[in-house]
Amino acid sequence: LVLIFVISAFSNSILFEFLPYYTMQFGQATYYSTLNLYFISMTVSSLVSGVSHSKHRSLYPVLTVVYMAITVWFIFLAVTSPFTPMRDTIFGGFHVVALSMVTGGIVGYVKVGVTINARSMGGEFYLLLVGIIFQFGTLIGSLIAFIVTEWTAVMKL
């Protein structure tokens with residue numbers, strides 16, 4: 001459940017609030033590609049997770065660590081904006097889009113996999129608990145993102 005909380009907090013709110021700060025410095029195409037390809041990769045990986053019935057539960061913590069490492073990099077790019085490394089370079093934009101696709105894939109795979117496993121573990125109660133944790137993680141992430149972007153001068157476009 002901790003994995004669901006962390007992934008929900010970052011994937012549903014924090015990274016989306018920070019998205020302009022870590023993508024726009026590489027151009028508008030990077031921003032829009034990041035947004036669209038994130039959702040495409042998340043949808044595809046959700047389908048893969050659902051079809052495979054997420055038999056690889058031991059991957060969830062590993063995938064979450066990979067997700068958090070990429071998230072830390074995105075936050076670094078956002079905080080150093082507008083003077084980030086690789087600003088206005090093709091590789092800079094490409095790597096942001098590629099890493100965004102990886103994070104979308106991880107989010108979709110882990111969320112669907114945990115939900116399927118919760119249902120098989122205890123039926124409706126665990127499924128409800130996972131849903132509550134999803135929403136609570138999103139709420140906390142949104143509050144953190146709002147405070148950082150609106151009340152501090154940490155990030156600039």
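Any value given below was found using the heavy atoms of this structure, including those in side chains, with hydrogens, waters and symmetry copies removed.
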Plane angle bin for Phe18 and Tyr21 - parallel if under 30°, tilted between 30 and 60°, otherwise perpendicular: perpendicular

Least distance between heavy atoms, Gly141 atom then Ser13 atom: C-OG, 3.1 Å

Rounded distance [0.5 Å steps], CG in Leu63 versus OG1 in Thr103: 12.0 Å

Stepwise side-chain contact (heavy atoms from CB on, under 4.5 Å) check, Phe10 with Ile75: CA-CA 11 Å; Phe10 283 93; Ile75 291 171; 4.0 Å; yes

Any donor-acceptor pair under 3.5 Å from Thr84 side chain to Thr80 backbone: no

Same apolar cluster (I L V M F W Y, side chains within < 4.5 Å links), Val114/Leu47: no

Inter-residue atom distance Leu143.CG - Thr138.OG1, 0.5 Å rounding: 11.0 Å

Short side-chain to backbone donor-acceptor contact, Arg87 and Phe26, under 3.5 Å: no

Gap between atom CG of Asn12 and atom CD1 of Ile7 - 0.5 Å precision: 10.0 Å

Cluster link Trp73 to Phe83, ILVMFWY, side chain under 4.5 Å: no

Verdict with supporting geometry, Leu15 and Leu19, side-chain contact (heavy atoms from CB on, under 4.5 Å): CA-CA 6 Å; Leu15 284 185; Leu19 184 71; over 6 Å; no

Residue from Val110, Leu127, Ile4 passing side-chain contact (heavy atoms from CB on, under 4.5 Å) with Thr115: Leu127

Non-hydrogen atoms of Gly104 and Ser45 that approach each other most closely: O-OG, 3.7 Å

Close side-chain approach of Glu150 and Glu17, heavy atoms under 4.5 Å: yes

Tyr22 side chain reached by Ser81 side chain, heavy atoms, under 4.5 Å: no

Shortest non-hydrogen contact between Gly108 and Ser46, atoms and distance: CA-OG, 3.3 Å

Interatomic spacing from OG1 in Thr23 to CZ in Phe74 - rounded to 0.5 Å: 9.0 Å

Sub-4.5 Å side-chain heavy-atom contact between Lys111 and Val130: no

Ile90, CD1 atom: more than 12 neighbouring heavy atoms under 6.0 Å: no

hydrophobic_cluster_shared for Trp151 and Val148, side chain cutoff 4.5 Å: no

Common cluster, Val62/Ile106, ILVMFWY with side-chain heavy-atom separation under 4.5 Å: no

Enclosure of Gln28 CD (heavy-atom neighbours >12, cutoff 6.0 Å): no

Any side-chain heavy-atom pair of Met24 and Pro82 under 4.5 Å: no

Single-linkage hydrophobic cluster Phe76~Val79, side-chain heavy atoms < 4.5 angstrom: yes

From Ser33 atom OG to Phe94 atom CZ, the distance as rounded to the nearest 0.5 Å: 11.0 Å

Test item: Pro85 and Leu77 side chains (from C-beta on) under 4.5 Å apart, heavy atoms: yes

Any donor-acceptor pair under 3.5 Å from Ser8 side chain to Phe5 backbone: no

Shortest non-hydrogen contact from Gly113 toward Ser49: N-OG, 3.2 Å

Flag, side chain of Ser100 to backbone of Val96, donor-acceptor distance under 3.5 Å: no

Heavy-atom check, side chain of Phe16 versus side chain of Tyr38, under 4.5 Å: yes

Residues Ser11, Tyr67; criterion side-chain contact (heavy atoms from CB on, under 4.5 Å); working and verdict: CA-CA 10 Å; Ser11 71; Tyr67 176 81; 3.3 Å; yes

side-chain contact (heavy atoms from CB on, under 4.5 Å) assessment of Leu99 paired with His95: CA-CA 6 Å; Leu99 288 177; His95 98 280; 3.7 Å; yes

Distance (rounded to the nearest 0.5 Å) between Ile14 CD1 and Thr71 OG1: 9.0 Å

